[in-house]
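Numbers restart at 1 for each chain; the letters A, B, ... are given by sequence-line order, proteins then strands. Bear in mind that the values here come from a model prediction, so they are computed numbers and not experimental data.
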Protein chains: 2
Amino acid sequence: MTTADTKSIPERKRGSGVRMVYDLLRDEILDLVLPPGSPIDEVQLAERFKMSRTPIREALVRLAGEGLIDTLPNRSTMVSNIDFLNMHTYFDALVLMYRVTTRLAAEHHRAEDLKVIHARQAEFAAAVQAQDALAMIATNAALHSAIAEAGRNPYFTGLFNRLLDEGRRILRLYYQSYNDRLPQRFVDEHEDMIAVIAARDVDAADRLAKAHAEQIVHQIQKLFTRNERLDMAL
Amino acid sequence: MTTADTKSIPERKRGSGVRMVYDLLRDEILDLVLPPGSPIDEVQLAERFKMSRTPIREALVRLAGEGLIDTLPNRSTMVSNIDFLNMHTYFDALVLMYRVTTRLAAEHHRAEDLKVIHARQAEFAAAVQAQDALAMIATNAALHSAIAEAGRNPYFTGLFNRLLDEGRRILRLYYQSYNDRLPQRFVDEHEDMIAVIAARDVDAADRLAKAHAEQIVHQIQKLFTRNERLDMAL
DNA sequence: TGCATTTTATTTGTCGACAAGAAATCGACG
DNA sequence: CGTCGATTTCTTGTCGACAAATAAAATGCA
């Protein structure tokens, strides 16, 4: 294998390059590795991935379609800003989707759904145990996405996943600042929610989901008002 | 100026070609001019619009991002099918968004919002009067979009507009089959909804929106079960 | 004739290059 | 010394062409 190492990864399947750069950029943006306002350079990405600008451009178009990057015509393209001003409107939408999806899960779940949900919850608990903030975000989103799937309404799950993605950056800030305090409380609340889902108690599911969501929102808003004061102090 | 007329419309602003073909294809798909399953040929569009395949490709990527077209890798791309099987889940989502946006409009609207809403309602009434099905769809969506805007939650309005677009093809089928019977009832229901929004009666707004949405859903489902029977008879 | 395999043909995905647009740099003039 | 304008530079948008992948057609064989 001495002749092949001139190019370590020369082989790329025909349609895979776009998804690769799309997934990577998406993750880097949502995990705040690329903070809001970061410039996105096409040629830089092109030589980094050893491909032409065309597939990179396609990935950027997709990201722009999801609102993760902003493209000024004929000018630069950059990572979109987090809309702190309308954050409360985001949380209103998030709470509603939490409630709806959990309620529907209690109504329509099947046996196989519960297995997936329990597995996701175990992964979340493990992430909390390991104090891995990034894993907490991912597994938490995966758990709630699984709950939404159990509700058997693809439109709701689509809207919900969209919202979760949009908020992943805010959650990242949240977990970033709280990685000392273990959110064990979330684990317990999740357990309660899963229990009432399994029991098909629709009203309780709605109530617990509302409380769970509003608790998170309250924590985050507390964090941001504190940060606001810090910003003003500067 | 005899040398310049070899190309009648050679001038195109630099970034406008993409939006042009995007808007056109989008309208043609949503208005069922391009029915589900229609093949989309890149080179055909390229020569039709007198431009390279690159900007057409970008427009197609955007449309695929919104789920309006399906792209099989390395193979054809076609207009996406309407998901009749999960249609009731769509209506569940639509009813909920109708309720939420109308409720929020009653809560948060301002004086200038009512002006816009009244204007949209007048346009819808005019479309009904003229028995213009396409205009009914457009003005009805515009009216409800304006109501959502008055709710001052950009996330809800975004999700709602997305849903309205996805359902525009179903509504097209609906109005197509009912263009003899005037949906004057919708006009009246709209008037009632606008009245309670103006009165800031949140509960009544929620109730009327729910009834309005469910009435529409009921009509459409009635239509489709009838069509189902017709299909079975073939 | 029927089936498997090769060949052709068509369509997509990718590339390198060029042109347009806007910011930055430089220079001239008041 | 500052301001306005031209030029340069840098990035994006577009183009034409080529390569890969797949379906369709053609060929060979039993």
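- Between the NZ atom of K50(B) and the C1' atom of dC15(D) there is a distance of 16 Å, rounded to whole Å.
- A side-chain donor-acceptor contact under 3.5 Å links N153(B) to the backbone of F156(B).
- The aromatic rings of F186(A) and F124(A) sit parallel, their planes meeting at an angle under 30°, below the 60° perpendicular limit.
- You'll find that the side chain of P55(A) is closest to dT14(C), out of dT14(C), dA23(C), dT12(D).
- Out of dG13(C), dA23(C), dT22(D), the shortest distance to the side chain of E42(B) is found at dG13(C).
- If you check dA23(D), dG13(C), dG21(C) against the side chain of R75(B), the one that comes closest is dA23(D).
- Nearest nucleotide to the side chain of T54(A), out of dG16(C), dA17(C), dA19(C): dG16(C).
- When distances run from any side-chain atom of S52(A) to the nucleotides dC15(D), dA20(D), dG16(C), the shortest one goes to dG16(C).
- Relative to the side chain of R57(B), the nucleotides dT12(D), dG16(C), dT12(C) differ in distance, and dT12(C) lies closest.
- Residues S76(A) and R14(A) both approach DNA chain D. Their nearest nucleotides, taken by heavy-atom distance, put S76(A) toward the 5′ side.
- For N74(B), whose side chain is taken as the heavy atoms from C-beta onward, the closest listed nucleotide among dT22(D), dA19(D), dA17(D) is dT22(D).
- Backbone-only engagement by I40(B) is indicated by non-hydrogen atom pairs under 4.0 Å involving sugar-phosphate atoms exclusively.
- Under a 3.5 Å cut-off, the side chain of R172(A) and the backbone N or O of D31(A) do form a donor-acceptor pair.
- Ion pair D41(A)/R48(A) not flagged as a salt bridge, since none of the NZ, NE, NH1 or NH2 atoms sits closer than 4.0 Å to an Asp/Glu carboxylate oxygen.
- The shortest distance between the side-chain N/O atoms of R53(A) and the OP1/OP2 oxygens of dG16(C) is not below 4.0 Å.
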